[in-house]
Amino acid sequence: MTTTAQPTTDPAITPVLIRLKLSLLRNGLRQSTGRRAAYIASVTVALLFAALQLIGLVALRDNAHVATVCVLLVGVLALGWAVMPLFFPSGDETLDPTRLVMLPLRPRPLVRALLVASLVGIGPLFTLCLAAGAAVALAHGPAAAVTGVVAVALTLLVCVALARAVAAANIRLLTSRKGRDLAVLSGLVIAVGAQVVNFGAQKLGSSGLSTLDPAADVVRWIPPSAALGAVHSVSEGAHATAAAQLALTAAALFALLALWQRSLTRLMTTPDGSTLAAAEPDKGTSRTSGALGGLLPAGRTGTVMERSLRYVWRDPKTKAAWVTSLAIGLIVPLFNALQGTGSVYFACFAAGMLGVLMYNQFGQDTSAFWMVAMTISSTRDAYVELRGRALALLLITLPYAALVTVLTTALLGDWPALPEVLGLSFALLGAMLATGAWSSARFPYSIPQEGYKNVAPGQAGLAWISIFGGMVAAALLCAPVLALTIWLHASGEASWSWLLLPLGAVYGATITELGVRLAAPRLARRLPEILTAVSKG
């Protein structure tokens, strides 16, 4: 007796996936009381914020710029839906469609079922509240109210479909090591976003919401903001414009669903690229191996520099620390300069941010430090090791600090101050390298490789002493150069401030050399203790 397999239909899949979503949520909350409490607290905060935002939007109903606020808010919300799966791929287990590839499911009904199941959660509820508040604020008249209902539904579906399409298109990356590296960099996005929001808030405070009108005129034609723009258009009597905006949003929804279905089809019919890559010969390795080393000094110094630079490129935690320091070191002085309230001396912030990376040099090696420890048998070996790490940091920091200083000076137009600020930056950098080398040998601590923690449990005190104690010591070491700068300006001899550039460079190099030489004997003596400390994570 033969049986014919019937194709799976949407009504049979959708309830199953909804129950699966609820089961995953329920089982996750059963794991621990702490996780359950954290989830309840996050739900409470999200719902409270959503309710306040809904009330706030409704309160803006008769404001002249309410349309601008609503379309921009929805645009920012959609951007969040697009990028969140990239930075937090493990936040929702149902975002991974590869878990379903072995099941006899067709992509089209699976897309519909996953779309409905995706509407269960805090994110969709928050989006619904914000879209509903925006629709109420923009709707004037029965026709606008009906349009608002359609617009809210389209906005919610587009946001969810956008997140799912992005996740499905990048799922191989997100579940790989590179994807976890990308998630580690989410802190950078938060830091940069905070500075951008701060800058925008200050601009709005001084200029008012009218400065956002040109941006809103563009965003109101970008889905899903276009759906809310349609509500405003109907309220203004522009029915043809509203129809075009709704049609554009609906077209975007169908395009996202098609992209999502295409990605699911590819995932279900093609083998995992990671297994194919493992079987293929490694082409070009011999050509690229040692390419970086050819530009560095010969001997152990060049080897240490190359190893340190490869850590910057390959190690997730090291890469995240570098990228964050580079971004914030540039953003703080430039944003203050753009606001017209900054000082050219803020450029020293760049050297300070990168100088912190010299602290706890051996913690980034974790348990692999034992291979480095085996090559250190004398104070000379320890000295060359520390010197190579400092030179690797200088290879990036010196041109970067000079670039930030020149850009800040150009924005403020204070070119006479350029030499002295560069001198102060070089002196500060030298002091931080010196104290960082000594602190690395005296107060090492482990950096966990998994998760977002930068200090192993029980070593927080060491981290505070290492970083903040070293920064205080670096500030004291910079006192002579800083005192000379103040004296030149106070005595009316500011014309000689250009001397601070060579003096600061020589002072920074001298203090770095002295700090490395003082730290080398301690490193050579304490190798077993350092190895134990950095291996705890």
Side-chain angles (χ1 to χ4, degrees), residues 46-82 84 115 118-119 121-163 197 200-201 203-205 207-256:
L47 291 179
L48 179 61
F49 186 70
L52 293 175
Q53 195 150 304
L54 189 152
I55 295 172
L57 288 174
V58 173
L60 290 175
R61 180 178 173 83
D62 297 323
N63 190 281
H65 302 286
V66 63
T68 297
V69 173
C70 290
V71 297
L72 290 180
L73 271 179
V74 173
V76 172
L77 181 66
L79 180 62
W81 274 96
M84 288 299 281
L115 181 64
S118 301
L119 299 177
I122 303 175
L125 181 59
F126 179 85
T127 304
L128 179 63
C129 291
L130 190 147
V136 172
L138 294 174
H140 295 277
V146 174
T147 305
V149 174
V150 178
V152 170
L154 282 175
T155 299
L156 179 60
L157 291 176
V158 167
C159 287
V160 174
L162 178 61
V197 170
K203 283 293 184 182
L204 288 178
S207 305
L209 291 173
S210 59
T211 57
L212 296 177
D213 288 341
D217 291 337
V218 176
V219 175
R220 72 176 70 252
W221 286 98
I222 302 176
S225 297
L228 274 303
V231 180
H232 178 67
S233 298
V234 172
S235 299
E236 296 291 323
H239 295 86
T241 301
Q245 290 172 318
L246 286 177
L248 185 61
T249 307
L253 175 60
F254 284 113
L256 288 172

Contacts of [X] that satisfy side chain to side chain contact (heavy atoms under 4.5 Å, CB included) - sequence neighbours left out:
| X | value |
| --- | --- |
| Leu157 | Leu115, Leu119, Leu253 |
| Leu60 | Asn63, Val66, Val69 |
| Leu52 | Leu48 |
| Leu47 | Val43, Leu125 |

What is the minimum heavy-atom distance between [X] and [Y], and which atoms define it?
| X | Y | result |
| --- | --- | --- |
| Thr68 | Ala216 | CG2-CB, 3.6 Å |
| Ser118 | Val160 | CB-CG1, 3.2 Å |
| Leu248 | Trp221 | CD2-O, 2.9 Å |
| Phe126 | Ala46 | CD1-O, 3.8 Å |

_Trace of the side chain to side chain contact (heavy atoms under 4.5 Å, CB included) decision for Val74 with Leu130_ = CA-CA 8 Å; Val74 173; Leu130 190 147; 3.9 Å; yes
*Could you give all pairs that pass the side-chain hydrogen bond (donor to acceptor under 3.5 Å, both in side chains) test and reach residues 124-136, with sequence neighbours left out?*
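Counting only pairs at least two positions apart or across chains, the side-chain hydrogen bond (donor to acceptor under 3.5 Å, both in side chains) contacts touching residues 124-136 are Trp81-Thr127.
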*In Å, rounded to the nearest 0.5 Å, how long is the span from CG of Leu57 to CG of Leu73?*
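Answer rounded to 0.5 Å: 6.0 Å.
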*Listed once per pair and sorted, the salt bridge (charged side-chain N to carboxylate O under 4.0 Å, His left out) pairs that draw on residues 220-234, sequence neighbours left out*: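 Sorted result for residues 220-234: Asp217-Arg220.
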Using a 3.5 Å cut-off and no angle test, enumerate the donor-acceptor pairs between side-chain atoms of residues 223-236 and protein atoms at least two apart in sequence or in another chain.
residue	atom	partner	partner atom	Å
Ser225	OG	Val71	O	2.8
Ser225	OG	Gly75	N	3.1
Ser233	OG	Gly229	O	2.9
Ser233	OG	Gln245	OE1	2.9
Ser235	OG	Leu138	O	2.7
Ser235	OG	His140	N	3.1
Ser235	OG	Val231	O	3.1

Scan the side chains in residues 144-153 for donor-acceptor partners under 3.5 Å anywhere in the protein, sequence neighbours excluded, and list what turns up.
residue	atom	partner	partner atom	Å
Thr147	OG1	Ala143	O	2.8

